[in-house]
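Within every chain, numbering begins at 1; the chains are lettered A, B, ... in the order of the sequence lines, protein sequences first and strands thereafter.
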There are 2 protein chains.
Amino acid sequence: MPGPIPSSRDARPTLEAVAARAGVSRATASRVVNGGAGVRQPLVDQVRKAVEELGYIPNHAARTLVTRRNGAVAVIIDEPEFRIFSDPFFSRQIRGISRELNVYDAQLVLLLVEGSGDFDRITRYLAGGHVDGVLAFSLHTDDELPAVIRRFRVPTVYGGRPGTPGDASEHAVPYVDCDNRGGAREAVRHLVSLGRQRIGHIAGPRDQTSALDRIDGYRDVLPDSDPSLVVEGDFTVEGGARAMAELLERHPGLDAVFASNDLMASGALRVLGEHGRRVPEDVALVGFDDMEQVAEATDPPLTTVRQDVEGMGRLMVRLLMQRLNGEGQETDSVITPTELVRRVSA
Amino acid sequence: MPGPIPSSRDARPTLEAVAARAGVSRATASRVVNGGAGVRQPLVDQVRKAVEELGYIPNHAARTLVTRRNGAVAVIIDEPEFRIFSDPFFSRQIRGISRELNVYDAQLVLLLVEGSGDFDRITRYLAGGHVDGVLAFSLHTDDELPAVIRRFRVPTVYGGRPGTPGDASEHAVPYVDCDNRGGAREAVRHLVSLGRQRIGHIAGPRDQTSALDRIDGYRDVLPDSDPSLVVEGDFTVEGGARAMAELLERHPGLDAVFASNDLMASGALRVLGEHGRRVPEDVALVGFDDMEQVAEATDPPLTTVRQDVEGMGRLMVRLLMQRLNGEGQETDSVITPTELVRRVSA
DNA sequence: ATGAAAGCGCTAACAG
DNA sequence: CTGTTAGCGCTTTCAT
């Protein structure tokens with residue numbers, strides 16, 4: 001079905017050509033191309049036919065120049081190397097975003113931030129109005145991005161609750177996050193329901209709200225637990241392994257662990273094995289994220305807390321589009337539910 | 001260092017304003033903004049100053065409209081769900097691409113293809129000339145993308161050797177790939193050097209050239225090996241596990257396995273364990289890719305073949321830019337070297 | 001070396 | 001309902 005699209009990129013037909021062929025004015029042709037509202041059917045048909053025959057494709061730049069809309073959204077990911085390398089989390093979220101963006105016929109411009117150097121570049125980019133909106137991830141407490149976003153008033157939705165104070169004013173930027181705290185509670189409650197008495201927690205880095213929220217969830221269920229039962233990891237396999245070793249040293253009698261993500265849980269699993277602990281018999285283990293790749297591949301497979309990462313991505317796009325269309329400047333943030341997935345480790 | 005950039009996206013200063021402030025014509029201002037060649041120093045300085053003071057940022061759409069360049073490159077990934085979900089490979093390659101694109105001050109537009117439906121969309125997008133060039137991945141043998149690319153003559157570089165015949169004419173599209181065959185040879189030779197006698201191979205899907213090339217590498221070293229020693233997997237953990245089980249059933253006496261990627265190797269590892277085989281004592285195992293996340297997290301850590309994924313991404317961008325700048329229409333493909341990384345599994 | 005002027009392709013008032 | 005008319009902001013001959 002090759003269709004009549006011209007075989008070269010150059011010398012593409014313009015609206016002018018379409019109008020001429022259809023025997024109408026450029027304005028009418030434009031109207032038809034943009035939906036055809038308020039144009040009589042016969043003319044609509046003529047124009048459509050001309051478009052078809054000529055293989056007309058609108059020139060985006062020209063359109064953007066006058067409408068000041070560019071049909072593109074930037075996805076900004078500010079993440080230290082190790083995490084984007086080792087965490088399918090982003091691939092998934094981006095897939096959700098991409099899918100939903102397609103619905104709106106919008107393009108996805110990917111901006112990876114690696115250091116303050118990149119920051120200027122991104123500032124200029126956003127300031128230049130090259131995109132209609134922004135989807136930003138991994139805001140760390142010391143991030144400069146929120147300031148830029150506020151300054152240029154770029155419509156934005158955050159992925160994950162931002163660590164910055166986030167002025168509660170009318171300009172608050174909405175975010176989409178899963179119920180980290182509730183999920184953590186569920187995980188720990190599950191461990192408790194298993195009859196476990198000494199439950200440790202391998203936390204994520206303190207500069208990420210998700211890690212903080214999960215610690216809170218842990219404490220919600222175990223308010224009187226010994227503080228030394230919580231060790232900070234860095235969301236990597238190795239970090240999880242180190243934390244587990246530390247935990248074991250401090251509390252040899254430990255009988256359960258809630259790790260703040262699956263990667264750390266897998267590291268913990270290995271260390272547990274090395275120290276002769278059977279899982280789940282001696283020590284029950286629950287992770288977080290439900291990254292199948294990790295959670296199902298470990299031995300034993302991990303019981304973990306699932307979050308709908310793709311759905312969260314789609315949601316972010318929807319919220320952004322609402323803002324762009326002016327429907328409710330007062331968009332609210334959304335917290336999505338989590339679900340405990342029982343496998344073998346607990 | 002906030003700088004003088006205006007605090008709102010609207011009402012941005014135009015070149016006109018800059019020219020007025022600098023007391024020159026728009027043409028001169030434009031020249032300065034674009035490098036300042038052929039403009040006397042004093043004027044250059046005046047314009048630069050005005051740009052600075054006004055916080056002028058060029059309007060991309062206007063520029064694109066006249067230059068027909070848009071400073072953007074599309075990255076097209078056509079990959080069934082499971083792989084992008086479970087393979088850090090892309091994250092890494094994209095990071096390399098992103099970094100190198102920054103060097104050229106070009107934007108990255110991400111296009112995820114999920115089915116034939118998406119195909120129309122992408123065709124229209126490319127035909128619309130929204131991007132200056134394309135970086136395309138995961139061409140399967142039955143892909144429609146190459147046809148579109150050829151038809152519209154979009155400057156393109158493939159990631160990985162495409163499965164399509166790839167007319168050897170002057171319009172051949174260059175690609176960047178690692179030395180899959182050589183890497184596989186190295187892996188298998190290593191196994192041989194360890195004194196292993198019955199070496200199996202868990203291959204990747206037949207519609208991917210990387211999998212095919214690795215099989216070839218295996219056969220290069222073991223030309224007379226029993227065909228039943230090669231089992232096809234699908235590059236996933238589960239697929240690797242199934243393949244390993246099959247292999248064990250066919251050849252209980254197996255003493256080594258070369259898996260076509262690390263994910264499958266990790267699945268194989270688990271099955272090996274379940275069947276009471278010690279690794280590497282009873283069965284030596286080598287993977288491919290060196291995805292640290294997987295290769296270092298398994299127990300024992302995997303010996304594997306490393307490919308410089310990020311470097312390959314950067315290389316793709318460089319080749320594309322060469323094409324765009326007309327330097328050498330006859331860009332050649334590049335095969336990057338691999339390296340055996342010895343850990344514990346072999 | 002610099003400026004004037006002519007568009008790039010499209011949309012959006014505004015008339016009719 | 002349709003056509004005419006202005007630009008959107010920038011680059012690029014072409015004169016000077």
Side-chain angles (χ1 to χ4, degrees), chain A residues 6 8-48 50-51 54-72 105 124 127-130 132, chain B residues 6 8-48 50-51 54-72 105 124 127-130 132:
Chain A
S8 167
R9 308 171 67 212
D10 320 299
R12 278 166 37 204
T14 69
L15 235 205
E16 182 76 56
V18 172
R21 182 168 193 117
V24 300
S25 73
R26 218 165 59 224
T28 297
S30 173
R31 290 186 186 106
V32 173
V33 168
N34 292 291
V39 178
R40 267 182 311 169
Q41 200 52 45
L43 288 198
V44 171
D45 293 341
Q46 279 165 236
V47 174
R48 292 246 162 87
V51 165
L54 261 27
Y56 170 75
I57 296 177
N59 180 311
H60 200 76
R63 183 178 280 176
T64 296
L65 189 55
V66 34
T67 62
R68 274 124 201 308
R69 302 274 221 94
N70 30 34
D105 211 28
R124 209 189 329 284
H130 293 31
D132 297 329
Chain B
S8 168
R9 308 172 66 213
D10 321 300
R12 278 167 36 205
T14 69
L15 195 53
E16 181 76 56
V18 172
R21 182 168 193 117
V24 301
S25 73
R26 219 164 59 225
T28 298
S30 174
R31 290 185 187 107
V32 173
V33 168
N34 292 292
V39 178
R40 266 179 313 167
Q41 199 52 44
L43 288 198
V44 171
D45 293 340
Q46 279 165 235
V47 174
R48 292 247 161 86
V51 164
L54 260 27
Y56 169 76
I57 297 176
N59 179 312
H60 202 76
R63 182 177 279 175
T64 296
L65 188 55
V66 31
T67 61
R68 275 124 201 309
R69 300 274 220 94
N70 32 33
D105 211 29
R124 207 188 333 283
H130 293 31
D132 297 329

Asker: Quickly work out the A:E16 CD to D:dT5 P distance and round it to whole Å.
Answerer: 13 Å
Asker: Distance-only, no hydrogens or angles: does the A:D132 side chain make a donor-acceptor pair with backbone N or O of A:R69 under 3.5 Å?
Answerer: no
Asker: So, do A:L43 and A:V32 sit near enough that their side-chain heavy atoms are less than 4.5 Å apart?
Answerer: no
Asker: Round to a whole Å and report the spacing from CD of A:Q46 to P of D:dC1.
Answerer: 16 Å
Asker: Is the shortest side-chain N/O distance from A:T14 to OP1 or OP2 of C:dG9 below 4.0 Å?
Answerer: no
Asker: Just so I know, are the side chains of B:R63 and B:V33 near enough to count as touching, which here means a heavy-atom distance under 4.5 Å?
Answerer: yes
Asker: Using every non-hydrogen atom in the two residues, find where B:A29 and B:L15 come nearest and quote the distance to one decimal.
Answerer: CB-CD1, 3.8 Å
Asker: Given axes from five pairs at either end, by how many degrees does the helix from C:dA1-D:dT16 to C:dG16-D:dC1 bend, rounded to 10°?
Answerer: 40°
Asker: Check whether any side-chain heavy atom of B:N59 lies under 4.5 Å from a side-chain heavy atom of B:T14, and answer yes or no.
Answerer: no
Asker: Test your reading of the model: is there a side-chain donor-acceptor pair from B:N70 to the backbone of B:H60, 3.5 Å cut-off?
Answerer: no
Asker: Roughly how many Å is it from CG in B:D45 to C1' in C:dA1, rounded to a whole number?
Answerer: 15 Å
Asker: If you look only at pairs with a residue in residues 18-41 of chain A, which of them pass as a salt bridge (charged side-chain N to carboxylate O under 4.0 Å, His left out), with sequence neighbours excluded?
Answerer: A:E16-A:R26, A:R21-A:E53
Asker: Can you name the nearest heavy-atom pair linking B:L65 to A:A62, along with the distance?
Answerer: CD1-CB, 3.6 Å
Asker: Produce a footprint string for nucleotides 11-16 of chain D: one letter per nucleotide, 5' end first; B if the base is under 4.0 Å from any protein heavy atom, S if only the sugar-phosphate is, - if neither.
Answerer: BBB---
Asker: Measure the distance from CG on A:L65 to P on D:dC10 and round it to the nearest whole Å.
Answerer: 9 Å
Asker: Using a cut-off of less than 4.0 Å, is there contact between a side-chain N or O of B:R68 and OP1 or OP2 of C:dG9?
Answerer: yes
